[in-house]
Amino acid sequence: MVAVADVFDALTSERPYKKAWSIERAAEYVRDGAGGHFDPQCVDAFLLSWEDVLSIHAQYQDEVCPPY
């Protein structure tokens with residue numbers, strides 16, 4: 001479960017070396033990884049709690065840093 005949440009957070013967070021993915025694109029990546037990179041039961045639990053995921057995601061978004 002931690003891997004699913006960590007990857008989703010990493011994909012949807014902007015970094016100096018990459019733009020943030022959209023929430024929809026990241027969710028599709030997680031869904032496509034079920035049975036491969038991710039345990040299918042963990043993906044199901046993550047997606048079944050989608051409203052909670054969105055709430056937590058909004059609450060803990062990183063501040064956007066201005067360019068140097």
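Values below: all heavy atoms of this structure, side chains included; hydrogens, waters and symmetry mates excluded.
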Heavy-atom pair of closest approach, residues Met1 and Ala45:
CE-CB, 3.4 Å
Those residues at least two apart in sequence (or on a different chain) that pass side chain to side chain contact (heavy atoms under 4.5 Å, CB included) with Leu47 are Arg31, Val43, Trp50
Heavy atoms of Ile23 and Thr12 approach each other most closely as CA-CG2, 4.2 Å
Contact summary for Phe8 and Ala27, nearest pair of heavy atoms
CE1-N, 4.0 Å
Measure across Pro40 and Ala34 and return the closest heavy-atom pair with its distance rounded to 0.1 Å.
CA-CB, 4.1 Å
All pairs passing ring-ring contact (aromatic ring centres under 6.0 Å, His included) where residues 14-38 contributes a residue, at least two apart:
Trp21-Tyr29
Backbone N or O of Glu51 within a donor-acceptor pair of the Ser55 side chain at under 3.5 Å?
no
Please check: side-chain N/O of Ser49 versus main-chain N/O of Asp52, any donor-acceptor pairing under 3.5 Å?
no
Nearest 0.5 Å, what's the CG-NZ distance between Leu11 and Lys18?
6.0 Å
Looking only at heavy atoms, which two atoms of Ala5 and Phe46 are closest? And how far apart?
CA-CE1, 4.3 Å
If I take atom OG from residue Ser13 and atom NZ from residue Lys19, how far apart are they, to the nearest 0.5 angstrom?
14.0 Å
